[in-house]
Every structure is written in structure tokens, then in C-alpha cells.
Protein chains: 2
Amino acid sequence: MSSNASNSQSMKGSFKHDLFAQFARVGKALSNGNRLELLEFLAQGERGVDELARISGLSVANTSQHLQQLRQAGLVLSRKEGLKVYYRLSGDDIITLLDALRGVAERHVADVERLVNTYLTVKDSLEPIPRDELLERVKHDLVTVLDVRPPEEFAAGHVPGAVNVPLDELEQHLKTLDPEQEVVAYCRGPHCVLAFDAVARLREKGLKARRMQDGFPEWKQAGLPVEEGE
Amino acid sequence: MSSNASNSQSMKGSFKHDLFAQFARVGKALSNGNRLELLEFLAQGERGVDELARISGLSVANTSQHLQQLRQAGLVLSRKEGLKVYYRLSGDDIITLLDALRGVAERHVADVERLVNTYLTVKDSLEPIPRDELLERVKHDLVTVLDVRPPEEFAAGHVPGAVNVPLDELEQHLKTLDPEQEVVAYCRGPHCVLAFDAVARLREKGLKARRMQDGFPEWKQAGLPVEEGE
DNA sequence: CAACTATTCAATAAATCAGTTGAATAGAAG
DNA sequence: CTTCTATTCAACTGATTTATTGAATAGTTG
């Protein structure tokens with residue numbers, strides 16, 4: 001909170017200290033699971049407070065407070081339109097940061113691996129398909145791409161040619177799928193369970209299903225083509 | 001801390017919740033300035049507890065406790081040798097994560113820019129030189145590279161051809177420098193003040209001095225050549 | 001202008017965290 | 001075996017964090 005200006009020797013320690021304290025503010029914003037979940041939702045696109053409260057299962061007041069912490073840390077920006085306040089990530093580098101965090105946790109925290117393996121029975125058998133490989137196959141119409149996110153998120157941007165099939169509508173769409181053609185599902189990010197779940201169910205039905213590497217935010221950030229609207 | 005195994009519907013929420021809680025543990029480790037400073041020191045190489053306590057200005061007990069939090073978050077590993085316990089980063093991806101954190105803070109937290117500008121008078125006038133550009137010039141012997149870190153850190157690894165000149169010895173080395181040849185200084189990382197300070201002083205003396213982009217950990221991680229020893 | 005809505009603010013209790021101090025441990029050296 | 005040293009553990013205080021609750025605010029709608 002304190003700040004003095006000078007270029008003398010003795011300032012160095014305090015400058016350094018203050019600087020690390022600022023970095024720590026960003027770290028602190030990432031130190032709570034609910035906030036990380038909010039960030040993941042925001043990585044899909046702009047969202048209102050009530051909407052975020054609903055998907056995250058938090059109270060509106062609590063959600064609002066977390067969002068303000070995120071804003072103070074510089075991770076999100078807000079925009080007011082009539083009654084509603086819309087929040088969004090303050091830049092694409094936030095996605096990079098979140099992926100770095102996920103990656104480190106995945107590689108170095110033993111519990112994460114245990115969790116993932118426990119839930120997914122055998123994660124490796126799901127062999128995620130890399131983004132650029134998928135793009136190649138989409139071009140040649142070799143795969144059906146399923147976007148298993150809710151319609152709003154789909155409308156805000158999705159992989160070109162993808163079909164929006166929210167998880168609970170999966171059963172109805174089963175007949176329309178060619179059992180010979182490979183299906184690739186994706187959702188919000190590398191650990192979004194929707195895609196895992198969709199692939200598991202499709203496989204149960206005997207379809208050739210795989211998961212796309214990571215999720216839509218990473219696809220977009222990689223500079224790959226994006227389609228919008230219905 | 002809790003964990004149940006199942007692949008049913010109802011597990012999804014809790015799985016997701018647990019997963020974000022794990023990621024948050026890593027975030028929490030990054031939520032304290034002292035821990036970030038310790039990580040920066042460790043990015044230079046392996047260090048003992050007492051050494052870390054000394055450079056960071058914390059008590060030994062306090063340092064030990066922070067280190068254990070870092071270990072629990074999977075960010076550092078330790079190794080016991082005789083009486084001493086040596087800590088090191090658990091992987092190069094930790095440096096990536098720290099840089100992502102720094103970058104986000106720099107770009108989105110207004111206070112960071114203010115701090116940097118205040119201390120450095122005019123940061124931009126110091127125009128840091130990119131790593132690969134520097135490597136090119138070193139090869140052709142067009143620049144003198146100064147490593148302004150302490151001798152121990154220099155010995156553990158440095159940019160090839162760099163001269164180790166700790167900041168307090170800078171004055172004595174001034175005469176040995178060719179006033180026509182450009183000097184490039186670097187130290188521990190993008191915000192390590194040592195290099196900023198060295199460049200500022202060299203410029204005062206009329207020398208052509210610049211700062212290298214980032215610091216040694218980033219250089220090493222970029223896969224550029226590293227020289228060791230005296 | 002009155003009623004309503006989405007969001008934020010303020011106050012609170014329980015939980016967690018940071019830093020200090022002094023004791024406990026494990027290995028080294030005499 | 002005793003002494004010394006580097007590190008960790010345990011207990012404690014004060015500060016900070018989380019989530020809840022109810023009130024306050026700002027903007028919309030009738």
C-alpha cells in the first residue's frame with residue numbers, strides 16, 4: 001500500500017518488496033477454488049453476475065465479492081449495461097496464466113493426478129486429439145466435432161463446423177451420428193468434465209469418440225479460426 | 001482432502017470442486033510476496049535454508065515454513081545432504097508460471113507500472129535487448145556482457161562469455177571497459193533491480209549500457225547455451 | 001414517483017495465515 | 001558419548017479470508 005519515490009540505494013529493498021507484494025496480489029486472486037472456477041467461466045466469454053452465481057452455485061453477494069477481488073487483482077474488467085454488470089477477462093494472457101497454473105498443478109501435485117484418474121477411470125485411454133490435427137481433419141470432413149457446452153457459450157464462439165450438443169441432449173443426437181465417423185468432443189478447458197463425460201457415454205454406445213486437447217479458450221487463443229452465432 | 005471414487009453423475013460437481021481446490025493450492029503458494037521472492041532465488045539454482053533466510057531477510061524458522069508450503073504445493077523439492085537441506089524448483093515449468101504471473105501483473109495491475117516507473121525514472125529509455133539478439137552479438141564479440149549477480153549464482157551458471165561484476169565492484173571495473181563497446185547487464189529476472197541499477201550507473205559514466213531482456217533463468221529455459229564455473 | 005431488479009456494501013462468525021519464540025530432532029565433529 | 005549446528009516442529013498472537021445475512025444503491029418499468 002505504501003510507496004515512496006526515489007532512486008537512491010536504500011530504496012532498492014523496499015522497491016523489491018513492494019513489487020513482490022504486487023505480484024502476490026495476483027497470486028492471491030488465484031488462491032481460491034471458487035475464483036478459479038469463475039475465471040474458467042469467464043474464459044468462455046463475457047458473463048453477468050447472476051449468471052456466474054448460478055453456474056458456480058455461489059450466492060450472488062458472494063460471487064460479487066469474488067469478482068471484485070479479481071478486478072482488484074487486474075484479472076477481470078467489468079462493464080455496466082442498464083441494470084446488469086458484465087464481467088470479462090482483462091486479456092488473453094489470463095488464459096495463459098491459468099493454463100500455466102493448471103499445468104504445474106497437474107505435473108507436480110500428486111493429488112491432481114489421483115483425482116483425475118479416479119474420476120476418469122483411465123484417462124489415457126481417452127487420448128485427446130491435438131488442436132491442429134483436429135483442424136486438419138475438420139477441413140477434410142473426416143470428423144464430427146461436438147461442442148458440449150451450453151448454447152450461450154456456443155453462440156459466443158466455437159470451433160468451425162462444430163455441432164452444439166449440450167450433454168443432456170446427447171442421447172437424442174445419437175441416432176444422427178454416423179457410427180463409422182470419428183467424433184471429437186470439447187468444452188471449456190483441459191479439465192472441463194463435460195467433454196470427458198460425453199466421450200465416455202459415446203464410447204459406451206460403441207462410437208469412436210475422442211476428446212479435443214484443452215478447450216475452446218485455448219483454441220481461440222492459439223489463433224485458430226472461430227465461428228460465431230447459431 | 002476428501003476423495004470418493006465413482007463415475008456417476010452426482011460426482012461431477014464434487015470432482016470439479018476438488019480439482020479447482022487443488023489448483024487453488026498452487027495459487028495460494030503464490031499469494032505471498034516472501035514466497036515469491038524465495039522462488040525467484042530458487043530460480044537461480046539450488047539453495048540451502050540458511051542461505052535463503054539470509055538473502056530474503058526472514059528468520060530461519062519462518063523461511064523453513066514458507067519452503068514447506070511451497071513443497072506441499074508441489075513447487076519445490078528438497079534434498080538432504082549431511083546437516084543441510086537444499087531446496088530447488090520442482091521443474092522448469094515453475095519458471096514459466098512465475099513469468100506468466102509477472103507478465104499479468106505488469107500488464108494489468110496499474111500499481112506495478114507505477115512502481116517500476118517511479119523507481120526507474122524512465123523504464124523505456126533502458127530498452128532491454130532480446131535474448132537471441134544478444135546471443136548473436138556475443139558471437140561476433142560486439143558486446144561486453146555483465147552478470148551482476150553474486151559470485152555463487154554466477155558460478156552455478158551464466159551467459160557464455162559474461163563477466164561477473166557484482167554491483168558493489170562495478171566502480172573498479174569501469175576502467176577496464178571499452179567506452180566504445182556496448183555493455184549489456186543482466187541478473188536474476190525481469191524485475192531484478194541489480195541490472196537496472198548497473199545500467200543506470202554505467203550510463204551516468206557515459207557508457208553505452210543496456211539491460212538484457214528478463215534474466216538468467218529465462219535465458220537458460222529458452223534453451224540458450226549456458227556456461228558454468230569461474 | 002412508486003415498485004421492482006441486479007448488484008454492491010457492511011457487519012458478522014468461523015476458519016486460516018503470517019510471523020515470533022522456544023523446544024525437538026538429526027546428523028557432524030570433537 | 002557429548003557438544004554443536006542446521007533444520008523442523010509446536011504453540012501462540014494478531015491479522016486476513018470466506019461465506020452469510022440483511023441493508024443500501026442505481027437503474028428500469030409501469
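Letters A, B, ... are given to chains in the order of the sequence lines, protein chains preceding strands, and every chain is numbered from 1.
On the nucleic acid side, DNA chain D contacts chain A at distances under 4.0 Å to non-hydrogen atoms, with the end points of that region at dT17(D) to dT28(D).
DNA chain C is contacted by N62(B), Q65(B), H66(B), Q69(B) of residues 62-74 of chain B, taking any non-hydrogen atom closer than 4.0 Å. Residues from residues 30-37 of chain A with heavy atoms under 4.0 angstrom of DNA chain C: there are none. Applying a 4.0 Å cut-off to non-hydrogen atoms, the residues of residues 49-61 of chain B that approach DNA chain D are V49(B), D50(B), V60(B), A61(B), listed by residue number. Residues from residues 81-91 of chain A with heavy atoms under 4.0 angstrom of DNA chain D, sorted by number: G82(A), L83(A).
Between D50(B) and K84(B), at least one side-chain nitrogen of the basic residue sits less than 4.0 Å from a carboxylate oxygen of the acidic one, meeting the salt-bridge criterion. Using a 4.0 Å cut-off between a side-chain N of Lys or Arg and a carboxylate O of Asp or Glu, R188(A) and E153(A) qualify as a salt bridge.
Inter-residue side-chain proximity for R71(A) and Y87(A) is flagged as met; some heavy-atom pair is nearer than 4.5 Å. Contact check for L30(A) versus L97(A): side-chain heavy atoms found under the 4.5 Å cut-off. Side-chain contact between L38(A) and V76(A) is absent, with no heavy atoms from C-beta onward closer than 4.5 Å.
Nearest heavy-atom pair, W219(A) versus P160(A), reported as atom, atom and distance to 0.1 Å: CZ2-CD, 4.0 Å. Listed here is the closest heavy atom pair of V26(A) and A105(B): CG2-CB, 3.8 Å.
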Legend entry - Derivation of the side chain to side chain contact (heavy atoms under 4.5 Å, CB included) call for T96(A) and V104(B): CA-CA 9 Å; T96(A) 309; V104(B) 166; over 6 Å; no
Inset, instruction - Assess whether side chain to side chain contact (heavy atoms under 4.5 Å, CB included) is satisfied between H66(A) and T63(A), documenting all intermediate values. - result: CA-CA 5 Å; H66(A) 279 305; T63(A) 304; 5.9 Å; no
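In this structure, OH in Y186(B) is found 14.5 Å from CD in Q213(B), a value given to the nearest 0.5 Å. Residue I55(A) holds its CD1 atom at 10.0 Å from CD of E40(A), rounded to the nearest 0.5 Å.
The closest donor-acceptor contact from the side chain of N164(B) to the backbone of R149(B) lies under 3.5 Å.
Per the geometry, CG belonging to L38(B) stands 10 Å off P belonging to dG19(C), to the nearest Å.
Among residues two or more places apart in sequence or in another chain, the side chain to side chain donor-acceptor pair (under 3.5 Å) test is passed with H108(B) by S90(A), D93(A).
When each of K28(A) and K80(A) is assigned the nucleotide of DNA chain D bearing its nearest heavy atom, the one mapping closer to the 5' terminus is K28(A).
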